[in-house]
Amino acid sequence: SQQDRLNSFFFPSRNPTIQRYYRFTASSLTPFAALHKRPIVDRSSGGVTGLLRRSAVLPSHGTDETQNWVLLSVGGRSGWARKRQLEP
């Protein structure tokens with residue numbers, strides 16, 4: 001079926017770690033998003049491993065226990081990005 005083909009394309013058995021896809025949209029208010037070494041608990045922890053500077057849909061390899069951070073990989077780099085909840 002078409003659904004099976006879509007699932008096998010987006011969630012291949014060769015890479016079963018892909019759990020979801022997330023959209024990052026660059027705008028004048030949010031021109032980039034930082035990828036961190038680990039989810040940040042306070043301002044002093046963590047380091048930046050890379051920046052997302054273009055709009056993209058990225059594979060996620062999981063979330064932290066708070067569900068506020070997602071582990072993403074793009075261009076050979078990986079890191080934790082904060083999920084932003086949009087207000088209605």
Side-chain angles (χ1 to χ4, degrees):
S1 75
Q2 183 178 4
Q3 187 64 38
D4 291 335
R5 286 193 306 272
L6 286 173
N7 280 337
S8 66
F9 179 78
F10 287 107
F11 301 98
S13 58
R14 293 182 305 252
N15 190 358
T17 63
I18 295 174
Q19 295 179 4
R20 275 184 91 166
Y21 287 84
Y22 286 89
R23 178 186 309 275
F24 168 70
T25 304
S27 70
S28 59
L29 294 176
T30 56
F32 63 87
L35 295 179
H36 298 269
K37 290 181 184 177
R38 59 184 170 275
I40 294 178
V41 177
D42 57 43
R43 294 274 183 213
S44 64
S45 65
V48 174
T49 62
L51 295 174
L52 301 175
R53 293 181 281 173
R54 295 187 186 122
S55 298
V57 175
L58 303 169
S60 165
H61 303 287
T63 57
D64 73 332
E65 56 274 354
T66 68
Q67 303 294 310
N68 292 326
W69 292 83
V70 292
L71 180 60
L72 302 173
S73 60
V74 60
R77 295 178 184 244
S78 62
W80 292 91
R82 185 188 312 262
K83 286 172 44 178
R84 180 161 302 182
Q85 302 296 328
L86 299 176
E87 299 293 324

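- Judged as a side chain to side chain donor-acceptor pair (under 3.5 Å), and not counting sequence neighbours, S60 has no contacts.
- Residues L72 and L52 are in side-chain contact: their nearest non-hydrogen atoms beyond the backbone lie under 4.5 Å apart.
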Passes side chain to side chain contact (heavy atoms under 4.5 Å, CB included), K83 versus N68? Steps please. CA-CA 5 Å; K83 286 172 44 178; N68 292 326; 5.6 Å; no
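- Taken to the nearest 0.5 Å, the CZ atom of R23 stands 10.5 Å off from the CG atom of L58.
- For F32, the CZ atom counts as loosely surrounded, since its 6.0 Å shell holds 12 or fewer non-hydrogen atoms of other residues, nucleotides or ligands.
- Under a hydrophobic clustering in which Ile, Leu, Val, Met, Phe, Trp and Tyr are joined whenever their side-chain heavy atoms come within less than 4.5 Å, directly or via other members, F24 and V70 fall into the same cluster.
- Listed by chain and residue number, nothing satisfies the side chain to side chain contact (heavy atoms under 4.5 Å, CB included) test with S28 (two or more places apart in sequence, or in another chain).
- Taking the side chain to side chain contact (heavy atoms under 4.5 Å, CB included) definition, one finds that R54 meets it with nothing, sequence neighbours left out.
- Here T49 pairs with L35, K37 under the side chain to side chain contact (heavy atoms under 4.5 Å, CB included) rule; sequence neighbours left out.
- Side-chain contact check for D64 versus W80: some heavy-atom pair is nearer than 4.5 Å.
- Annotation: side chain to side chain donor-acceptor pair (under 3.5 Å) contacts of S78 (sequence neighbours excluded): none.
- Taking W69 as the reference, H36 meet the ring pair (Phe, Tyr, Trp, His ring centres under 6.0 Å) condition, with sequence neighbours excluded.
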